[in-house]
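All values reported here derive from a predicted model rather than from experimental measurement. Numbers for residues simply follow the sequence, beginning at 1.
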Amino acid sequence: MLDFVTRFNRALAKVRHNELDFDHKDVNEKPLLKTSWAMEKKMAEIYTRSIFERFQEEIFQVNAYVVTFIRENEHLWNVQREEMEGARTREISVDKSSNRVSCSCKMFEFDGIPCRHLLAYLFRMHIGELPPEYILQRWTKTAKAGRVMDDLGSGVKQICNNSLLVRRQGLFKLACTVIDDAVLDEEESEVVR
């Protein structure tokens with residue numbers, strides 16, 4: 001039984017370490033941008049690292065697509081990969097009353113990330129920022145900062161601002177500085193441990 005508890009505690013510690021590592025990267029490391037579009041830069045600040053990498057692949061592909069108008073009364077557009085014979089055509093429909101855009105590939109509905117077809121349409125329309133309805137809160141860096149356990153640890157309370165995230169970022173930077181200094185000396189390393 002003791003062996004099981006030891007393995008369980010090690011596994012739990014590893015999961016927590018990995019989560020802290022991902023959180024640290026989300027807060028402190030800036031991903032490399034592949035385009036000069038303001039939308040990519042903005043979403044690098046908003047999305048978590050792993051979600052941004054998926055979004056970045058979609059935005060990187062936008063230039064390979066041609067968007068053409070097909071039916072005005074239904075507000076339909078075709079999006080097709082340029083210079084690729086037999087490439088599948090996707091259909092973008094625009095609901096003028098709500099300004100909601102949807103793509104026939106349904107990637108946003110399934111994954112919560114805008115597809116390259118939808119992004120190609122937004123760029124064609126000179127929409128430089130991703131509309132808020134296409135940014136799911138659960139994919140953002142502030143998603144964790146917005147919820148904390150209550151005093152008894154049984155419920156979740158919402159936080160109305162990002163002060164927790166800012167404080168957390170400051171503590172991460174401080175911890176990194178302490179670790180960088182301590183790693184140079186065995187006695188200081190032991191104090192940190």
Side-chain angles (χ1 to χ4, degrees), residues 8-65 79 90 92 98-123 125 127-150 153-180:
F8 177 78
N9 286 336
R10 283 182 187 154
L12 187 58
K14 185 175 182 174
V15 166
R16 285 177 180 162
H17 171 77
N18 289 343
E19 188 172 334
L20 285 172
D21 188 44
F22 286 134
D23 289 348
H24 172 76
K25 287 178 182 174
D26 280 343
V27 171
N28 296 305
E29 293 181 14
K30 303 282 187 222
L32 293 175
L33 302 179
K34 294 181 177 180
T35 72
S36 59
W37 292 325
M39 186 186 293
E40 181 189 22
K41 183 178 180 186
K42 179 75 172 173
M43 297 317 295
E45 296 168 7
I46 293 174
Y47 277 145
T48 64
R49 183 70 173 252
S50 60
I51 295 301
F52 173 73
E53 287 170 357
R54 290 174 55 198
F55 171 80
Q56 187 178 43
E57 182 55 35
E58 295 303 308
I59 204 168
F60 186 68
Q61 297 293 327
V62 166
N63 281 336
Y65 287 82
V79 180
R90 299 297 184 172
I92 298 290
S98 67
N99 240 7
R100 183 94 174 151
V101 179
S102 62
C103 179
S104 60
C105 80
K106 301 292 184 201
M107 180 175 167
F108 181 74
E109 288 80 357
F110 291 118
D111 290 344
I113 297 171
C115 64
R116 56 193 71 180
H117 319 109
L118 190 141
L119 293 171
Y121 169 81
L122 293 177
F123 283 108
M125 297 294 112
I127 298 171
E129 283 195 24
L130 191 60
E133 58 266 24
Y134 301 107
I135 304 171
L136 299 183
Q137 177 62 25
R138 70 175 179 258
W139 299 145
T140 66
K141 293 177 185 179
T142 58
K144 277 188 183 176
R147 291 176 283 138
V148 293
M149 298 306 282
D150 66 14
S154 60
V156 174
K157 295 191 290 189
Q158 293 291 1
I159 297 176
C160 296
N161 60 36
N162 293 336
S163 62
L164 182 64
L165 185 63
V166 171
R167 227 177 332 174
R168 191 168 192 264
Q169 184 175 6
L171 289 172
F172 266 128
K173 286 182 180 177
L174 178 62
C176 287
T177 302
V178 169
I179 290 168
D180 288 345

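By the 4.5 Å heavy-atom criterion applied to side chains, P114 and L130 are counted as neighbours. Looking only at side-chain heavy atoms (C-beta outward), H117 and C105 come within less than 4.5 Å of each other. At a threshold of 4.5 Å between non-hydrogen side-chain atoms, the residues S102 and E109 count as touching. Residues M125 and V101 form no side-chain contact, since every pair of their non-hydrogen atoms from C-beta on lies 4.5 Å or further apart.
Enclosure of atom NZ in K106 by more than 12 non-hydrogen atoms of other residues, nucleotides or ligands within 6.0 angstrom is indicated. The 12-atom threshold is exceeded at CZ of F108, counting heavy atoms of other residues, nucleotides or ligands nearer than 6.0 Å. Atom NZ of K34 has more than 12 neighbouring heavy atoms from other residues, nucleotides or ligands inside a 6.0 Å radius.
Using a 4.0 Å cut-off between charged side-chain N and carboxylate O, E53 and R49 make a salt bridge.
Applying side chain to side chain contact (heavy atoms under 4.5 Å, CB included) to L122 and the options I127, I92, V62, I59 leaves one that passes, I127. Between T140 and the options I51, I46, T48, a side chain to side chain contact (heavy atoms under 4.5 Å, CB included) holds for only I46.
What you find for F52 and L33 is that their closest heavy atoms are CZ-CD2, 4.0 Å. Nearest heavy atom pair, residue A120 against residue Y65, reads CB-CB, 4.2 Å.
Using modelled atom types, no side-chain atom of E58 and backbone atom of L118 make a donor-acceptor pair closer than 3.5 Å. Judged by distance alone, the side chain of Y134 and the main-chain N or O of L119 form no donor-acceptor pair under 3.5 Å. At least one donor-acceptor pair under 3.5 Å links the side chain of E40 to the backbone N or O of T35.
In this structure, the ring of F123 has its center less than 6.0 angstrom from the ring center of W37.
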Q) What do the steps show when you test F55 against M39 for side chain to side chain contact (heavy atoms under 4.5 Å, CB included), and what is the final call? A) CA-CA 11 Å; F55 171 80; M39 186 186 293; 4.0 Å; yes
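With values rounded to the nearest 0.5 angstrom, Q56 atom CD is found 12.0 Å from M43 atom CE.
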